Amino acid sequence: MPELPEVETIARDLNQFLRGKVVQNVNVLHTKPLSNCNESEFIQFCQQEKFKNITRAGKYLFFEFESEKKMILHLRMTGKFQFFSPYDPEVNFEKHQRLLFLLKNQEALAFHDVRIFGTVSIYYPHTNILEYKKIGPEPFSSELNPAILKEQAKNRKVPIKNLLLDQKFIAGIGNIYACEILHAIGIHPAKPSSSLNLEEWQKVLTKTREILKEAIRARGTTINDYRGLAEKKGSYQKHLKVYNQENQSCPTCKTTKIIRIKQAQRSTFFCPACQPE
DNA sequence: CTTAACGCCTGAAGGC
DNA sequence: TGCCTTCAGGCGTTAA
């Protein structure tokens, strides 16, 4: 499940492979990912476009072409990219490839997505990009500070864990890092968001940045599905203290076992000793 | 405005 | 072995 560190890693790698390359043709192997156009529009949109830059915003990937057209893609749960050089359909075809971008010199980029939750949308220059409006501030943005977070949360009764998952509150945090952040600062995941004081918001912000930065250094977390380009795994799973660690001893207090609860239909892992109510 | 529940999807894993 | 159920979860939609 790609979150900010995983998407950042993919964006950096894609840039290296794709910058300056031209899309000669596209095979739409499944139309479900196309969110704001049909198959023929999508093919038309991409043909002869040269990749200029690939960036990340929240958990979205922004593909910018030289023409200033943009393609915005979300990997959701199981989306990943495969770069083939050269691409041989006999060898490289896989069942769950959904979009295939054919490049020069027999190279190709495949968007692979088992569960087909991933989405792509296309934008012509100078048009209003809806995706921007849906996501909140980047965790590393200098506009963020503890006072703003506290203010934004003052009427929010939802558990802090759920608020950290809200992409409009802070962009890019998913289930894994939300659990890790709360453990690192010793806050119970069910604590009502509006009850955190300024000092606690300071800790949230500092640890969020620290953990995400460290996870980017490790090229993300690979538990089940996540793979970067070239099927490369991340290594941050070695640093996880609570996520997926049910019944293990907490690495911080070394005495209490990590427990698992459900919040808003999602698993939350935490240490009841280090994160008291 | 906020919150909660559901649906989308497939493959892995567990129960019997 | 095989069938059935449950689970994984990001996010859009819907309803309250």
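Given the structure is predicted, the values throughout are model-derived calculations rather than measurements. Proteins come first, then strands; the chains are lettered A, B, ... in the order of their sequence lines, and each starts at number 1.
- Residue A:Ser267 is in sugar-phosphate contact alone, with no base atom involved, counting any heavy-atom pair closer than 4.0 Å across all strands shown.
- Residue-level contact check: A:Gln167 touches the backbone only, with heavy atoms under 4.0 Å from sugar-phosphate atoms and none from bases.
- Residue A:His74 places no side-chain N or O under 4.0 Å from the OP1 or OP2 atom of C:dG10.
- If you look at A:Phe81 and A:Phe63, their ring centroids are closer than 6.0 Å.
- Looking at A:Phe65, A:Phe83, A:Phe17, A:Phe62 one by one, the single match for ring pair (Phe, Tyr, Trp, His ring centres under 6.0 Å) with A:Phe51 turns out to be A:Phe65.
- Residue A:Ile173 contributes atom CD1, which lies 12 Å from atom P of C:dG10 at whole-angstrom precision.
- A:Arg266 has a side-chain polar atom (N or O) that falls below the 4.0 Å cut-off from OP1 or OP2 of C:dG10.
- Atom NZ of A:Lys161 is separated from atom C1' of B:dT3 by 16 Å (rounded to the nearest Å).
- A distance of 6.0 Å or more separates the ring centres of A:Phe270 and A:His183.
- In this structure, the CD1 atom of A:Ile72 is 17 Å from the C1' atom of C:dG10, given to the nearest Å.
- The side chain of A:Arg156 approaches B:dT2 more closely than any other nucleotide in the set C:dC11, B:dT10, B:dT2.
- Heavy-atom nearest nucleotides on DNA chain B were determined for A:Ala264 and for A:Asn155, and the one closer to the 5' end corresponds to A:Asn155.
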What do the steps show when you test A:Glu64 against A:Ile54 for side chain to side chain contact (heavy atoms under 4.5 Å, CB included), and what is the final call? CA-CA 6 Å; A:Glu64 189 192 345; A:Ile54 294 103; over 6 Å; no
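- Look at CD1 on A:Ile116: it is 18 Å from P on C:dC11, rounded to the nearest Å.
- Following rounding to the nearest Å, A:Glu3 (CD) and C:dC11 (C1') show an atom-to-atom distance of 13 Å.
- You cannot call A:Phe117 stacked on the base of C:dC11; the centres under 5.5 Å and planes under 30° rule is not satisfied.
- The phosphate of B:dC9 (OP1 or OP2) has a side-chain N or O of A:Lys32 nearer than 4.0 angstrom.
- Taking side-chain N and O atoms only, A:Lys59 has a distance below 4.0 Å to OP1 or OP2 of C:dC11.
- For A:His96 and B:dG11, the shortest distance from a side-chain N or O to OP1 or OP2 is below 4.0 Å.
- Electrostatic pairing of A:Asp166 and A:Arg156 counts as a salt bridge here, judged by a charged N lying under 4.0 Å from a carboxylate O.
- For A:Arg115, no side-chain nitrogen or oxygen approaches OP1 or OP2 of B:dC8 to under 4.0 Å.
- A:Asn244 has its CG atom 17 Å from the P atom of B:dA12, to the nearest Å.
- If A:Arg76 and A:Lys95 are placed on DNA chain B by their nearest nucleotide, the residue sitting closer to the 5' end is A:Arg76.
- Nucleotide B:dT10 holds its P atom 10 Å from the CG atom of A:Asp113, rounded to whole Å.
- Considering only side-chain atoms of A:Lys134, the nucleotide from C:dG10, C:dG12, B:dC6 that sits closest is C:dG12.
- Between C:dG10, B:dT3, C:dG12, one nucleotide has an atom nearer to the side chain of A:Tyr60 than all others, and that is C:dG12.
- Residue A:Lys157 has no polar side-chain atom (N or O) positioned under 4.0 Å from OP1 or OP2 of B:dA4.
- Separating the CG atom of A:Asn36 from the P atom of C:dG12 is a distance of 13 Å, rounded to the nearest angstrom.
- Residue A:Met77 places its side chain closer to C:dG10 than to any other of B:dA5, B:dG11, C:dG10.
- At the heavy-atom level, A:Lys168 lies nowhere under 4.0 Å from the strands shown.
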A:Glu143 vs A:Ile148, side chain to side chain contact (heavy atoms under 4.5 Å, CB included): CA-CA, chis, key distance, verdict: CA-CA 9 Å; A:Glu143 290 168 27; A:Ile148 285 176; 5.6 Å; no
